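Below is one structure; the comments refer to it alone.
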Amino acid sequence: MSFNVKKFHPHNIIDSCAIQNVLSSLTLYSASLQARCGFICTGFVHYECVVKARNNSTLEDKEIQKRFTTAIERGEVQINSLDIEDLQDIQMLENRKKLGMGELSSIAVAKKYGQVFMTDDMKARKLGTTILGTERVQTTPQLFGWLIFGNYLLDSDKDRVIKEHESLEKRIPLTSFFENLYLKALEAKCMK
C-alpha cells in the first residue's frame with residue numbers, strides 16, 4: 001500500500017471488513033470520532049455484520065457486533081438504503097469477482113453520492129478504484145496513519161491499537177500495514 005498519510009477524507013461509505021477493523025480497536029475508533037470521522041454503511045453491511053447467522057460465531061464476533069450496534073444506536077454510524085436499480089445502474093453485478101453484497105452496495109452508494117469508499121478487502125479495493133478512482137478508496141490502515149499524523153493518536157497509542165486489533169480481529173490482521181503507515185506518518189511529521 002502506498003498511501004499519503006496527510007490526506008484522508010473523514011466521511012466514508014464503509015464496508016463490512018473495514019467497519020469490523022475500525023471497531024476492533026476502541027482506541028482507533030475513539031480517535032476517529034475525535035477527528036470527526038463519519039461512517040455510513042448500507043443495509044447489506046448491517047445485515048452481514050449484525051443480522052446474518054454465523055455457523056461458528058466466536059466471542060470476538062459477538063463483541064464486534066455489540067460495538068457496531070452501539071455505534072448505530074449512538075448515531076456514530078448511519079445506515080443508508082440502496083435501490084436495486086442503483087446496483088444495476090453501475091453494472092457492478094457483471095464485475096463481482098466474488099464480492100459480497102456489502103462491498104458492492106457500499107461502492108454503489110459511494111458512486112451515487114460522490115463519497116469515499118472505505119474497505120480492507122483487496123478485491124473490493126480494486127473494483128472500487130476502477131469505478132470510483134484511486135482518491136475515493138481508503139482503508140483502515142490509511143485512517144490509522146492519518147490519525148497518527150494529525151496527533152489524534154499518539155506514539156504511545158500505536159501498540160495499544162495493534163494489540164486491541166489483534167485480540168478481536170483474527171480474519172484480516174492489519175499489523176504490518178499499521179506498522180508501515182505509522183512509519184510513514186512519523187516521516188511526514190518530520191518533513192512538516
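None of these values were measured; they are calculated from a predicted model.
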Under a single-linkage definition using a 4.5 Å side-chain heavy-atom cutoff for Ile, Leu, Val, Met, Phe, Trp and Tyr, are [X] and [Y] assigned to the same hydrophobic cluster?
X: Leu181; Y: Val116; answer: no
X: Val50; Y: Val77; answer: yes
X: Tyr152; Y: Leu154; answer: no
X: Leu26; Y: Leu143; answer: no

Rounded to the nearest 0.5 Å, how far does [atom2] of [Y] lie from [atom1] of [X]?
X: Leu99; Y: Asp121; atom1: CG; atom2: CG; answer: 6.0 Å
X: Ser57; Y: Gln65; atom1: OG; atom2: CD; answer: 5.5 Å
X: Ile107; Y: Arg136; atom1: CD1; atom2: CZ; answer: 11.0 Å
X: Gln138; Y: Trp146; atom1: CD; atom2: CH2; answer: 9.0 Å
X: Phe117; Y: Ser106; atom1: CZ; atom2: OG; answer: 5.5 Å
X: Met101; Y: Lys52; atom1: CE; atom2: NZ; answer: 11.5 Å

Regarding [X] and [Y], is there a side-chain donor-to-acceptor distance under 3.5 Å anywhere?
X: Lys189; Y: Asn151; answer: yes
X: Glu164; Y: Ser24; answer: no
X: Asp155; Y: Tyr182; answer: yes
X: Thr42; Y: Asn80; answer: no
X: Asp120; Y: Thr140; answer: yes
X: Thr58; Y: Asp61; answer: yes

Are side-chain heavy atoms of [X] and [Y] found at a separation under 4.5 Å?
X: Leu132; Y: Lys111; value: yes
X: His11; Y: Cys37; value: no
X: Glu187; Y: Leu183; value: no
X: Val5; Y: Gln142; value: no
X: Thr139; Y: Met118; value: no
X: Lys184; Y: Phe149; value: no

Going by side-chain contact (heavy atoms from CB on, under 4.5 Å), Cys41 matches just one of Ile13, Ile19, Ile79, Val109. Which one? Ile79

For [Y], does its backbone N or O pair with a side-chain atom of [X] as donor and acceptor, under 3.5 Å?
X: Thr130; Y: Lys126; value: yes
X: Arg74; Y: Thr69; value: no
X: Arg125; Y: Val137; value: no
X: Glu103; Y: Asp15; value: no
X: Glu48; Y: Ser16; value: no
X: Asn12; Y: Ile14; value: no
X: Ser30; Y: Thr27; value: no

Among residues at least two apart in sequence or on other chains, which ones pass ring pair (Phe, Tyr, Trp, His ring centres under 6.0 Å) with Tyr29? none

Check the angle between the aromatic planes of Phe178 and His165 and answer parallel, tilted or perpendicular using the 30° and 60° thresholds. perpendicular

Charged N-O contact under 4.0 Å between Glu135 and Lys7: no

Under 4.0 Å between a Lys/Arg side-chain N and an Asp/Glu carboxylate O for Glu63 and Arg67? yes

Do you know the tightest heavy-atom contact between Val22 and Phe39? CG1-CZ, 4.3 Å

